[in-house]
There are 2 protein chains.
Amino acid sequence: MVQITNIAPLFKDMAKLEHDYSLACQECSLYRLCLPLGLHHKDLAQLDKIIKRRQSYKRGETLFTTEQSFKSIYVVRSGSFKTTISTSNGRDQVTSFYFPGEFIGLDALYQASYQSNAKALETSSVCEVPFDALQELGKEMPQLQIQLLSRLSKELSGDKSLMLLLGKKTADEKLATFLLSLSKRFSDRGFSASEFQIMMSRGDIANHLGLAVETVSRVFSRLQEEGLITTNGKEISLRDIEKIKTLCL
Amino acid sequence: MVQITNIAPLFKDMAKLEHDYSLACQECSLYRLCLPLGLHHKDLAQLDKIIKRRQSYKRGETLFTTEQSFKSIYVVRSGSFKTTISTSNGRDQVTSFYFPGEFIGLDALYQASYQSNAKALETSSVCEVPFDALQELGKEMPQLQIQLLSRLSKELSGDKSLMLLLGKKTADEKLATFLLSLSKRFSDRGFSASEFQIMMSRGDIANHLGLAVETVSRVFSRLQEEGLITTNGKEISLRDIEKIKTLCL
DNA sequence: TAATCACATTGATCAGGATCAATAAAAAGG
DNA sequence: CCTTTTTATTGATCCTGATCAATGTGATTA
């Protein structure tokens, strides 16, 4: 059996996370969720050197588009992003949402150009990791390569699950699955698993789940009538997680 | 006890293509599509040592299931496979089809167990690549790591495209897109881009595209009436590829 | 603070594709 | 080879979720 990673959740100081964009990997509260996991101290320092800490992006601002050639992968430092791809006639699909510690742009390295458009969902910041430099480092740090492979593999299995959702689940099941996925990710990051603020619009959610906005709205209302959740705009609280789990299938 | 370890060489003359499972990477006709691409000759020899050539699988036979722990990735040598994942209540989704030179099991390395079930669609064979050994080799061959990353990334972008298909395309668009994807993959492998045999059932296709069998059948008939394709069971020929392209969106 | 604009909810109606049903055609198996 | 089983096609009907429409609720800006 090949055991690759053990991303244990935990981080404490929210304030740091939000505001100190220059914070080095060594002191970053995302350490356990991020790329450096498993690196030795001296290797970490080297990784730290190649990472560019970037200014924040405001809601709706673009991180990259399919027009740009691939140079870097991005790790969310604070806030959140969405990626979309489009048909030639302008319909588009929200392929993923990204939270702190998650990698954006991994699907780009094959074609050497970004395969999707990435936009901030709220005021957010990222660490930019130039891929060339990362590969150079990787030659001397197998652990880093493994980390990277592991991330790609994780995204891959997430995508397969979404295929199952898109292809085989009903509207109710889709939304239940989505809410639990958010819950898990918030709780992995030290936030409440049952009460959180969603920063994506109903439209984004609907699009991501292959539904119409109206359907999402109706399912939210129905779940609320049944006492499974409470919503107030962007505030969501899951009142009966166990029951919601049974809805996911 | 007489151990019969390697019978294959005895049959060297029998259709190398299909049946010589012991054929080394150096002589393999899939070279350009496969893992070794870009490796130096001596590195290739080393890679060759860790690869296990496996007996063939018959239609419907299992390559691996979600119950098994992850040890190896598999490269299709001949034939084809499908992978599926399932909901807790038994609905399942065909997540991908795999052709010669393509890698199966890449989504497994994150959780160290296979995330899907892989089955042969016809009499097929694979090369088994033990992941531990591959990682060891990778330490000395950056090119190999890059190849691996590249493959993961490629699968990732394929999956994103499928999300777009599942979430935003109509039945006609789905089937047109699917046919062209097959066409491309056959032509990449030196076969005709316009005439080929599909080895997956209508059910598999329907499931993969998030449709009912009946719908797939009807769309096939409609495309045929419109003179865009000809079908005869598993034989498909694309009569007007340009027009089919316009259907994909 | 009003005015504008983007987003959300709810209702009424519609349609694409699912489901049900029957038959036909291939495979598989004895 | 004939029998049995699986897979494919075609038709009739139904239903989930899309679309259209109207109103409500927040946000942003002047």
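These values consider heavy atoms only, across backbone and side chains, with no hydrogens, waters or symmetry-generated copies. Lettering of chains follows the sequences in order, A, B, ..., and the numbering in each one begins at 1. All of these numbers come straight from a predicted model, not from anything done at the bench.
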Looking at every strand, decide which applies to [X] at a 4.0 Å heavy-atom threshold: base, sugar-phosphate, or nothing.
| X | result |
| --- | --- |
| A171(B) | sugar-phosphate |
| K234(A) | sugar-phosphate |
| G60(A) | nothing |
| G233(A) | nothing |
| S201(A) | sugar-phosphate |

Problem - Verdict with reasoning, F186(A) to F99(A), per ring pair (Phe, Tyr, Trp, His ring centres under 6.0 Å) - result: CA-CA 9 Å; F186(A) 279 115; F99(A) 292 96; 5.5 Å; yes
For the side chain of [X], counting heavy atoms from C-beta on, which of [options] is nearest?
| X | options | answer |
| --- | --- | --- |
| R218(B) | dA18(D), dT9(C), dG11(D) | dG11(D) |
| L211(B) | dA8(C), dT9(D), dA18(C) | dA18(C) |
| T170(A) | dT10(D), dT9(C), dG17(D) | dG17(D) |

Problem - Side-chain N or O of T215(B) closer than 4.0 Å to phosphate OP1/OP2 of dA18(C) - result: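 Checking dA18(C) against T215(B), a side-chain N or O does come within under 4.0 Å of OP1 or OP2.
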Exercise for the section: Would you tell me if any nitrogen or oxygen in the side chain of S217(A) comes within less than 4.0 Å of OP1 or OP2 on dT10(C)? Expected result: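 No, S217(A) has no side-chain N/O under 4.0 Å of OP1/OP2 on dT10(C).
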Atom-pair distance ([atom1] on [X]; [atom2] on [N]), nearest Å:
| X | N | atom1 | atom2 | result |
| --- | --- | --- | --- | --- |
| I198(A) | dG26(D) | CD1 | C1' | 15 Å |
| N232(B) | dA24(C) | CG | P | 18 Å |
| M200(B) | dT7(D) | CE | P | 15 Å |
| R222(B) | dA8(D) | CZ | C1' | 16 Å |
| R202(A) | dT25(D) | CZ | P | 15 Å |
| K168(A) | dT19(C) | NZ | P | 10 Å |
| Q224(A) | dT9(C) | CD | P | 8 Å |
| D172(B) | dG16(C) | CG | P | 10 Å |

Exercise for the section: Classify the angle between the aromatic ring planes of Y57(B) and F81(B) as parallel (below 30°), tilted (30 to 60°) or perpendicular (above 60°). Expected result: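 Perpendicular.
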Practice task
Using a strict 4.0 Å threshold on nitrogen-to-oxygen distance, state whether R202(A) and E214(A) make a salt bridge.
Solution key: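 Between E214(A) and R202(A) there is no salt bridge, as every charged N stays at least 4.0 Å from the carboxylate O atoms.
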Handout entry: Heavy-atom closest pair, residues N207(B) and V94(B)
Key =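 Closest approach of N207(B) to V94(B), heavy atoms only: OD1-N, 2.6 Å.
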Handout entry: Donor-acceptor contact present, side-chain Q93(A) to main-chain H208(A), <3.5 Å
Key =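 Yes, Q93(A) side chain to H208(A) backbone: donor-acceptor pair under 3.5 Å.
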Exercise for the section: On DNA chain D, check which nucleotide each of R59(B) and E214(B) is closest to and give me the residue with the more 5' one. Expected result: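 So the residue in question is R59(B).
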